[in-house]
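One structure is given below, represented as structure tokens, and several questions about it will come after.
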Number of protein chains: 2
Amino acid sequence: MSTAEETSGGEMEPWDEVTPDAARRLLVAAVEAFAERGYHATTTRDIASRAGMSPAALYIHYKTKEELLHRISRIGHDKALDILRTAARREGSPAERLADAVGSFVRWHAGRRTTARVVQYELDALGPDARAEILGLRRQVDAEVRGIIQDGVASGEFDVLDVHGTTLAVLSLCIDVARWFNIDGPRTPDEVGALYADLVLRMVGAK
Amino acid sequence: MSTAEETSGGEMEPWDEVTPDAARRLLVAAVEAFAERGYHATTTRDIASRAGMSPAALYIHYKTKEELLHRISRIGHDKALDILRTAARREGSPAERLADAVGSFVRWHAGRRTTARVVQYELDALGPDARAEILGLRRQVDAEVRGIIQDGVASGEFDVLDVHGTTLAVLSLCIDVARWFNIDGPRTPDEVGALYADLVLRMVGAK
DNA sequence: ACGCACGCTAAGCGCCCGCTCACCTTGGGC
DNA sequence: GCCCAAGGTGAGCGGGCGCTTAGCGTGCGT
């Protein structure tokens, strides 16, 4: 439960794929603004001025304010899914894989809290189509974690009565980190990741 | 871990204390609107029309839209705290008290999901003074749960390394129910409460 | 050397927001 | 029967919203 070889706390900004530079600056500004004040309370003027540009500049790179949220949400969910897949598909016992998955997932939610907040809590601000796309990614996230837990149950390593419910609870626990985690607080993302990995192993009754 | 004698799922509307009748109808309308679309995305016209009144009627009973949120948040936190205190101070072993606390707290977050959503997720929309008042209530919520866990550790019934961190995780798990719970979904509030009480007893290593 | 595509800005349009105000009903006390 | 407080309405205010448009500067291909 202690090894932390995976990325995730990795402090590199994952927005490198967004080009050109001005579009990326606007997107990063939007992440900060949405995380601080919420999507609906954020104005396009606020986003533009954080990026050092005029309000109209936003519309050169994005059709609407909602497209910004959609792009952020899409990239964030891709990253979260990638983190879980990497942990789920490494070699090792179900307990090791689950601890790795929870540890890296929590480190991401804590270390990249602004992004995670937008990704996890602003889903309802998306229109129906974008929302449906993101919900598809969430089902894949759920499937990865459920897969690990099922493996542990099948091998007799875990003791779980309600696999779906426990999966939901594990993900719920990780996701809520984005709500309460404070970078100035007493815990580092690594510490929270380690604590949560331990707690989750207890939840599944790992031997 | 199975007994569920406590209230909390109790379906009586807790808004009886709000008078006169028109003020209560406006407040209930605001809870629904805030829960569905968020505080900032909700208009005063929407609240008033849900209550069957004109937009101006709102300002007879409340000074501002924010006062509505403040009242909702205050009453909701009082209720949540009351639920936890009742469970924490009953007689019984730490494990029984913790299971009761988690069970009733979760049943409230699931059964009264609209209120819980507003209470737990719209805190940042309050001004500094109201925010500080509510944060004080949250510290009392934390203290109640921490107290039970500390009792269990002291009596040797629980095995917990990080009491503060585990308390945070337990509350976090319960609170996030308000985000994902769907009244039309496969689980009843009672079922989720029972599942979560079991999971939390595992988290604290209850004998 | 020059044109023009591209990235950006200043200005502003139409709309809807939170909130106010002048006025209208209604029901109980005398 | 009359009055007035309490509770309601319709109209509308000042302002800020998301977004558009006309035009400007600059760098690159030729």
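Sequence lines set the chain letters: A, B, ... in the order given, protein chains first and strands last, and positions in each chain run from 1.
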**OP:** Would you please confirm or rule out a distance under 4.0 Å between OP1 or OP2 of D:dG18 and any side-chain N or O of A:T44?
**Re:** yes
**OP:** Could you state the atom-to-atom distance from CG of B:D46 to C1' of C:dC16 in whole Å?
**Re:**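 Atom-to-atom, B:D46 to C:dC16, this comes out as 13 Å.
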Original post:
Picking from A:T166, A:T167, A:L161, what satisfies side chain to side chain contact (heavy atoms under 4.5 Å, CB included) with A:V163?
Top reply: A:T167
Original post:
Could you state the CD1-C1' distance from B:I47 to D:dG8, rounded to the nearest angstrom?
Top reply: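 It is 18 Å, rounded to the nearest whole Å.
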Subject >> Distance, nearest 0.5 Å, that separates CG of B:L171 from CD1 of B:I175 >> reply: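 It comes to 5.5 Å.
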**OP:** Round to the nearest Å and state the distance from B:K65 atom NZ to C:dC16 atom P.
**Re:** 16 Å
**OP:** For B:L26 and D:dG7, give me the distance from atom CG to atom P, rounded to whole Å.
**Re:**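 Interatomic distance, CG of B:L26 to P of D:dG7: 12 Å.
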Subject >> Nearest-nucleotide pick for A:A56, side chain only, options being D:dT21, C:dG18, D:dT9 >> reply: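 Nearest listed nucleotide: D:dT21.
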Original post:
Base, sugar-phosphate, or nothing for A:S54, non-hydrogen atoms under 4.0 angstrom?
Top reply: base
**OP:** Give the nucleotide from the list D:dG10, D:dG18, D:dG8 with an atom nearest to the side chain of A:Y59.
**Re:** D:dG18
Original post:
A:L69 has an atom CG; how far is it from atom P of D:dG18, in whole Å?
Top reply: 13 Å
Original post:
How close or far is atom P of C:dC21 from atom NZ of B:K63, stated in whole angstroms?
Top reply: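 One finds 16 Å between P of C:dC21 and NZ of B:K63, rounded.
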Original post:
In whole angstrom, what separates A:L68's CG from D:dC19's C1'?
Top reply: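 For the pair A:L68 CG and D:dC19 C1', the rounded distance is 13 Å.
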Original post:
Nearest to the side chain of A:M53 - C:dG18, C:dC8, D:dG18?
Top reply: C:dC8
Subject >> Per B:I60 side chain, nearest of listed nucleotides D:dT21, D:dG7, C:dG18 >> reply: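 Of the candidates, D:dG7 comes closest.
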**OP:** Side chain of A:H61 only, please: which of C:dC8, D:dT20, C:dC19 is the nearest?
**Re:**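 Out of C:dC8, D:dT20, C:dC19, the nucleotide with an atom closest to A:H61's side chain is C:dC8.
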Original post:
D:dC19 P sits how many Å from A:L58 CG, rounded?
Top reply: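 Going from CG in A:L58 over to P in D:dC19 covers 8 Å.
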Subject >> The single option from A:Q140, A:R139, A:R146 passing side-chain hydrogen bond (donor to acceptor under 3.5 Å, both in side chains) against A:D142 >> reply: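 Exactly one candidate clears the test, A:R146.
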**OP:** Examine the base of D:dG16 for any acceptor or donor lying under 3.5 Å from a partner atom in the side chain of A:R45, and report the outcome as yes or no.
**Re:**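 A donor-acceptor contact between them is absent.
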Original post:
For the side chain of B:T64, counting heavy atoms from C-beta on, which of D:dG10, C:dC19, D:dG7 is nearest?
Top reply: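 Among D:dG10, C:dC19, D:dG7, the one nearest the side chain of B:T64 is C:dC19.
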**OP:** Check the angle between the aromatic planes of A:F105 and A:W108 and answer parallel, tilted or perpendicular using the 30° and 60° thresholds.
**Re:**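 Aromatic pair A:F105/A:W108 classed parallel.
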Original post:
To the nearest 0.5 Å, how far apart are CG in A:L27 and CZ in A:R25?
Top reply: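 The distance works out to 12.5 Å.
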